[in-house]
A.B. asks: 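Would you mind keeping the following structure in view while I ask a few things?
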Amino acid sequence: MKNSETDALARRVAALTRTGLTEGVHAALKHELEREQARSSLVEIGVRFRRDLRAPGQA
């Protein structure tokens, strides 16, 4: 890798997961993508907030 910090991070991940560099980077990127996709968007948060405000029995 061209960036020394990225290379060091990739090597740490690979060592901790006992995988090769490519597999370690792949797993880390896949994990980050899944984490980002699981986050609610601001629109979803706003819709839930509005729905909760309108829920019956809420004072």
Side-chain angles (χ1 to χ4, degrees):
M1 293 188 200
K2 293 180 182 180
N3 181 292
S4 61
E5 184 180 3
T6 303
D7 183 69
L9 289 169
R11 290 181 186 284
R12 285 181 60 193
V13 169
L16 289 170
T17 59
R18 294 187 173 104
T19 62
L21 284 177
T22 301
E23 188 176 344
V25 170
H26 177 86
L29 290 171
K30 185 177 178 182
H31 173 72
E32 183 63 15
L33 181 59
E34 289 169 354
R35 190 180 73 82
E36 285 294 325
Q37 289 175 329
R39 287 179 33 177
S40 297
S41 70
L42 288 177
V43 171
E44 293 167 329
I45 293 168
V47 168
R48 276 197 309 269
F49 179 74
R50 184 169 180 213
R51 184 186 63 229
D52 291 347
L53 286 177
R54 297 176 131 198
Q58 298 293 322

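Note that the structure is predicted; figures quoted are calculated from it, not measured. Quick note: residue numbers are just sequence positions, from 1.
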A.B. asks: Quick one: closest heavy-atom pair of Gly20 and Ala14, and the distance?
C.D. replies: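 Looks like O-CB, 3.7 Å.
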A.B. asks: Quick check: are there more than 12 heavy atoms from other residues, nucleotides or ligands sitting under 6.0 Å from CD of Glu32?
C.D. replies: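 Enclosed.
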A.B. asks: Is the closest side-chain heavy-atom distance between His26 and Thr19 below 4.5 Å?
C.D. replies: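 Not touching, per the 4.5 Å side-chain cut-off.
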A.B. asks: Could you give the distance from CG (Asp52) to CZ (Arg50), rounded to the nearest 0.5 Å?
C.D. replies: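 Reported value, rounded in 0.5 Å steps: 12.5 Å.
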A.B. asks: To check you understand the geometry: which heavy-atom pair defines the closest contact between Asn3 and Thr6, and what is its length?
C.D. replies: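 Shortest heavy-atom contact: OD1-N, 2.8 Å.
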A.B. asks: What is the minimum heavy-atom distance between Gly24 and Val13, and which atoms define it?
C.D. replies: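 Closest approach of Gly24 to Val13: O-CG1, 3.6 Å.
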A.B. asks: Checking Arg51 now: which residues fulfil side chain to side chain donor-acceptor pair (under 3.5 Å) with it, not counting sequence neighbours?
C.D. replies: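 Checked Arg51 against side chain to side chain donor-acceptor pair (under 3.5 Å); zero matches.
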A.B. asks: State the CD-CZ distance between Glu34 and Arg39, to the nearest 0.5 angstrom.
C.D. replies: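 Here the interatomic distance stands at 15.0 Å.
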A.B. asks: Salt bridge (Lys or Arg N to Asp or Glu O under 4.0 Å): which pairs involve residues 10-24, sequence neighbours left out?
C.D. replies: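 Sorted pair list: Asp7-Arg11.
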A.B. asks: Does atom CG (Leu29) have a neighbourhood of more than 12 heavy atoms from anything else shown, all under 6.0 Å?
C.D. replies: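 Correct, the count exceeds 12.
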